[in-house]
Amino acid sequence: NISLQALMKAYLDFAVVPKKDLEPLFDSNSHKLHLDVVHQRYMAVVEEAAMADEDLMKEDLIETQETAGFHDAPLRLAIGGHFNHLFLWSILENTNAIATKEPVGALKEAIEKSFNDYNGFKESFRKAVESRVLPGWVWLGYKDGKLLITQTNNEDNPLMHGVAEIQCVPVIGIDLWEHAYLAQY
């Protein structure tokens with residue numbers, strides 16, 4: 001039984017993110033801009049706040065998500081933005097690197113248990129994305145042995161206690177801020 005912290009540490013490696021070739025999903029200029037401007041800004045805000053807050057300094061990435069609701073809105077936005085984008089970069093892969101286009105193994109079984117089949121999942125996820133009007137994220141999450149689809153506003157995420165409508169472990173997150181609607185995406 002692996003802990004959430006151990007699982008996230010295995011996948012959330014910022015050192016690997018800039019080296020990923022995400023073409024054609026994400027062109028290299030947009031990826032670089034997102035890393036060098038957007039994500040770095042979030043990280044700088046969190047680091048500056050941590051220098052002034054001993055408790056925040058002691059928290060790991062997952063703990064900062066769980067306590068983000070106790071901070072002011074700009075810091076909460078940066079805490080969530082850092083995690084959400086690191087998570088997004090970590091799960092995205094170049095389409096040539098993906099061996100199969102549909103889930104297999106335990107993920108396939110969980111999708112079938114929760115959505116009947118892969119097409120049921122895709123349809124449910126598509127509806128959630130299309131119904132999103134405000135900036136935010138749509139998530140596939142895991143809770144109580146089942147997969148579910150949830151949404152969060154701005155840079156909030158399903159790990160945030162007292163913020164997320166449904167708390168769960170994120171499996172997939174899709175960024176639905178305005179840049180997600182640019183023609184190349």
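In this structure, CD in Gln167 is found 12.0 Å from OG1 in Thr152, a value given to the nearest 0.5 Å. Atom NZ of residue Lys143 and atom CD1 of residue Ile166 lie 7.0 Å apart, to the nearest 0.5 angstrom. Residue Phe87 holds its CZ atom at 13.5 Å from NE2 of His82, rounded to the nearest 0.5 Å. Interatomic distance, OH of Tyr118 versus CG of Leu107, reported as 9.0 Å (0.5 Å rounding).
By the 4.5 Å heavy-atom criterion applied to side chains, Gln151 and Ser131 are counted as neighbours. Within the 4.5 Å cutoff, side-chain heavy atoms of Arg132 are placed close to those of Asn153. Leu56 is listed as a side-chain neighbour of Leu75, based on a closest heavy-atom distance under 4.5 Å. When side chains are defined from C-beta on, Leu86 counts as touching Leu61, because their heavy atoms get closer than 4.5 Å. Between Lys113 and Lys146 the shortest side-chain heavy-atom distance falls below 4.5 Å. At least one side-chain heavy atom of Ile91 sits less than 4.5 Å from a side-chain heavy atom of Ile172.
In this pair, Trp139 and Trp137 present their aromatic rings parallel. The plane angle is below 30°, not in the 30 to 60° band.
Tracing side-chain contacts under 4.5 Å through hydrophobic residues (I, L, V, M, F, W, Y), one never reaches Leu148 starting from Phe125; they form parts of separate clusters. Residues Val38 and Phe83 share a hydrophobic cluster, clusters being chains of Ile/Leu/Val/Met/Phe/Trp/Tyr side chains in contact below 4.5 Å. Linking ILVMFWY side-chain heavy atoms closer than 4.5 Å, directly or via other members, places Phe121 and Val171 in a single hydrophobic cluster. Clustering ILVMFWY residues whenever any of their side-chain heavy atoms sit less than 4.5 angstrom apart, transitively, puts Ile174 in the very cluster that holds Trp89.
With hydrogens and angles ignored, the 3.5 Å screen pairs no side-chain donor or acceptor of Ser114 with any backbone N or O of Ile111. No side-chain donor-acceptor contact under 3.5 Å links Asn157 to the backbone of Asn84. No side-chain donor-acceptor contact under 3.5 Å links Gln65 to the backbone of Ile62.
Ionic pairing of Glu130 and Lys127 is not present here: no N-O contact between side-chain nitrogen and carboxylate oxygen is shorter than 4.0 angstrom. Salt bridge present: Lys58 and Glu54 bring a charged side-chain N and a carboxylate O closer than 4.0 Å.
Closest of all the heavy-atom pairs between Ala164 and Pro158 is CB-CA, 3.7 Å. Between Gly173 and Leu88, the shortest heavy-atom contact is O-CD1, 3.5 Å. The shortest non-hydrogen separation linking Leu159 to Val169 is CD2-CA, 4.5 Å. The shortest heavy-atom contact between Cys168 and Gly141 is SG-CA, 3.7 Å.
Contacts of Arg41 classified as salt bridge (charged side-chain N to carboxylate O under 4.0 Å, His left out), with partners at least two apart in sequence or in another chain: none.
The residue from Val46, Thr64, Ile79 that alone fulfils the side chain to side chain contact (heavy atoms under 4.5 Å, CB included) condition with His71 is Ile79.
Within a 6.0 Å sphere centred on CD of Glu48, other residues, nucleotides and ligands contribute 12 heavy atoms or fewer.
Applying the ring pair (Phe, Tyr, Trp, His ring centres under 6.0 Å) test to residues at least two apart or on different chains, the pairs with a partner in residues 42-66 are Tyr42-His85. Sorted by first then second residue, the salt bridge (Lys or Arg N to Asp or Glu O under 4.0 Å) pairs that include residues 72-87, not counting sequence neighbours, are Arg76-Asp156.
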(Q) Using the rule given for side-chain contact (heavy atoms from CB on, under 4.5 Å), can you reason through Glu66 versus Met160, listing the C-alpha separation, both sets of side-chain angles and the distance that settles it, and then say yes or no? (A) CA-CA 4 Å; Glu66 294 170 347; Met160 294 181 169; over 6 Å; no
Q: Carefully, step by step, assess Leu140 and Phe115 under the rule side-chain contact (heavy atoms from CB on, under 4.5 Å).
A: CA-CA 11 Å; Leu140 174 66; Phe115 301 100; 3.9 Å; yes
